[in-house]
Amino acid sequence: MIVTELAKLVRRPRTWVSLALLCGLPGIVAIFLGVTEVAPPPGEGPTFLSAVLTNGSLYPAAALAMVLPLFLPVSVAVVGGDSIAGESGSGMLRYLLLRPVGRTRLLVAKLIALTAYVMLAVVAVAVTSYVIGVATFGTEPASALAGSELITSVSGTGLSDAQVALRITYAVLYIGISMLGVGALALFLSTFTDSPLAAALGALAALVTSQVLVTLDAAASVQPYLVTRYWLSWVDFFRDPILWRDIERGLALQAVYVGVLLAAAWANFATRDVTS
């Protein structure tokens with residue numbers, strides 16, 4: 001069942017179209033930056049974008065900052081919303097359950113396929129943006145800096161190439177885990193409807209509400225519990241030393257959301273009367 005779901009994920013054109021769109025945005029931005037050599041001032045625009053003109057190896061961090069607020073959550077919500085609702089809407093769910101396939105096993109297979117898509121999407125953005133960044137902006141050789149570090153951290157200290165690569169890997173994993181919260185929400189809603197669009201829109205509505213409340217001072221009492229509260233904490237990986245407090249809180253919060261939403265999805269799907 002798991003292999004079948006992974007194969008379906010790979011065969012669907014939607015998977016590759018969404019990945020192309022996710023990777024295309026950083027590519028377009030890189031073209032404009034490479035042609036004009038005009039980056040936004042530090043503190044304006046996506047994180048790290050002002051630094052990539054001098055070292056393209058940092059472009060994956062800037063690319064992740066571009067896709068995280070909107071494009072990446074949308075793509076994950078669409079895939080998650082289609083997990084169960086897509087099968088139900090097409091009439092395939094009833095036939096799947098007529099075979100000796102338990103509902104729990106089917107739900108686990110859907111979750112694994114969704115997780116694979118999330119990690120594939122984040123890794124694809126990081127890898128393609130690294131290739132684009134190095135090809136467009138190059139890398140500053142260590143000799144040019146008279147033995148100093150290649151890249152300045154958010155804290156103002158230097159980071160070596162190896163440190164930057166490791167911290168980008170950390171950021172990829174952290175953002176992937178954060179997106180699992182989105183996927184779990186869409187998967188949960190997908191068990192209630194036959195419409196993938198309705199499940200995806202429901203998840204996006206919840207995320208937009210969370211984003212608004214995060215910026216609202218009057219909602220300070222609930223902000224620590226909002227699903228998007230710690231999304232941007234991955235930037236703390238690029239401080240020296242790394243600030244782990246918000247990162248750990250973000251991971252713990254996503255673990256709670258994923259656990260609760262998956263349990264609720266299983267409870268609903270296991271007792272749902274499938275007629276379509």
Side-chain angles (χ1 to χ4, degrees), residues 2 5-6 9-10 12 14-26 46-48 58-83 108-131 133 164-188 190 200 203-204 206-207 210-211 226-238 242-244 246-262 265:
I2 294 174
E5 290 300 324
L6 291 175
L9 177 69
V10 172
R12 284 176 175 168
R14 178 197 63 200
T15 300
W16 303 107
V17 170
S18 62
L19 291 178
L21 292 175
L22 285 172
C23 297
L25 174 61
T47 308
F48 301 112
L58 195 58
Y59 196 57
L64 291 171
M66 292 178 210
V67 301
L68 178 58
L70 178 62
F71 294 98
L72 187 56
V74 168
S75 63
V76 173
V78 169
V79 174
D82 185 64
S83 296
V108 169
K110 294 289 186 182
L111 173 63
I112 292 175
L114 177 60
T115 302
Y117 174 80
V118 169
M119 297 312 301
L120 177 62
V122 180
V123 170
V125 171
V127 171
T128 57
S129 58
Y130 176 82
V131 174
V164 170
L166 181 61
R167 296 180 188 215
I168 288 177
T169 301
Y170 287 159
V172 166
L173 293 174
Y174 182 85
I175 292 173
I177 293 173
S178 297
M179 290 300 101
L180 285 181
V182 180
L185 176 58
L187 180 60
F188 166 66
S190 183
L204 292 176
L207 295 178
S210 176
Q211 292 275 37
L226 298 174
V227 66
T228 62
R229 169 62 179 84
Y230 297 103
W231 274 9
L232 299 181
S233 296
W234 65 270
V235 176
D236 290 340
F237 284 120
F238 295 89
I242 296 174
L243 299 182
W244 291 100
D246 283 352
I247 293 172
E248 292 170 351
R249 290 179 177 178
L251 292 174
L253 183 65
Q254 295 303 323
V256 171
Y257 269 104
V258 171
V260 170
L261 289 170
L262 289 180

Visitor: Other residues, nucleotides and ligands only: do more than 12 of their heavy atoms fall within 6.0 Å of OH on Y257?
Guide: yes
Visitor: Let me confirm one number: the OG-CD1 distance from S129 to I168, rounded to the nearest 0.5 Å.
Guide: 7.5 Å
Visitor: Report yes if some heavy atom in the side chain of M119 is under 4.5 Å from a heavy atom in the side chain of L173; otherwise report no.
Guide: yes
Visitor: Which pair of heavy atoms, one from A171 and one from W234, lies closest together, and at what distance?
Guide: CB-CE3, 3.8 Å
Visitor: Report the C-alpha distance between L68 and L232 in whole Å, list the side-chain angles of each, state the deciding distance to 0.1 Å, and finish with yes or no for side chain to side chain contact (heavy atoms under 4.5 Å, CB included).
Guide: CA-CA 9 Å; L68 178 58; L232 299 181; 3.9 Å; yes
Visitor: Can you find a pair of side-chain heavy atoms, one from F238 and one from L58, that are under 4.5 Å apart?
Guide: yes
Visitor: Enter the distance from L166:CG to I242:CD1 here, rounded to the nearest 0.5 Å.
Guide: 7.0 Å
Visitor: Mind telling me whether W244 and F237 have parallel, tilted or perpendicular rings, with 30° and 60° as the class edges?
Guide: perpendicular
Visitor: Ignoring hydrogens, what is the shortest heavy-atom contact between L261 and G181? Give both atom names and the distance.
Guide: CD1-O, 4.1 Å
Visitor: Can you sort out the partners of W16 under ring pair (Phe, Tyr, Trp, His ring centres under 6.0 Å), two or more places apart, ordered by chain and number?
Guide: none
Visitor: Who pairs with S83 by side chain to side chain donor-acceptor pair (under 3.5 Å), at least two apart in sequence or on another chain?
Guide: none
Visitor: Name all pairs fulfilling the salt bridge (charged side-chain N to carboxylate O under 4.0 Å, His left out) condition that reach into residues 58-83, sequence neighbours left out, sorted by first residue then second.
Guide: R12-D82, R14-D82
Visitor: Between Y170 and I247, is any pair of side-chain heavy atoms under 4.5 Å apart?
Guide: no
Visitor: So which atom in A200 and which in V78 form the shortest heavy-atom distance, rounded to 0.1 Å?
Guide: CB-CA, 4.0 Å
Visitor: A side-chain contact here means heavy atoms from C-beta on lying under 4.5 Å apart; do V125 and M66 qualify?
Guide: no
Visitor: Would you indicate whether the side-chain heavy atoms of V10 and T15 approach each other to under 4.5 Å?
Guide: no
Visitor: Which heavy-atom pair separates A77 from A186 by the least distance, and what is that distance?
Guide: O-CB, 3.6 Å
Visitor: Looking only at heavy atoms, which two atoms of L185 and A206 are closest? And how far apart?
Guide: CD2-CB, 3.7 Å
Visitor: For a quick test of reading the model, state the closest non-hydrogen atom pair linking L262 to L187 and the distance between them.
Guide: CD2-CD2, 3.8 Å
Visitor: Using salt bridge (charged side-chain N to carboxylate O under 4.0 Å, His left out) as the criterion, list what pairs up with R229, not counting sequence neighbours.
Guide: none
Visitor: Who are the side chain to side chain donor-acceptor pair (under 3.5 Å) partners of S210, not counting sequence neighbours?
Guide: T228
Visitor: Can you confirm if the aromatic rings of Y174 and W231 lie within a centre distance of less than 6.0 Å?
Guide: no
Visitor: Side chains of I175 and L72: closer than 4.5 Å at any heavy-atom pair?
Guide: yes
Visitor: For Q254, is there any backbone N or O sitting under 3.5 Å from a side-chain donor or acceptor partner on Y230?
Guide: no
Visitor: Considering only residues two or more places apart or on different chains, which pairs with a residue in residues 114-126 satisfy side chain to side chain donor-acceptor pair (under 3.5 Å)?
Guide: S18-Y117
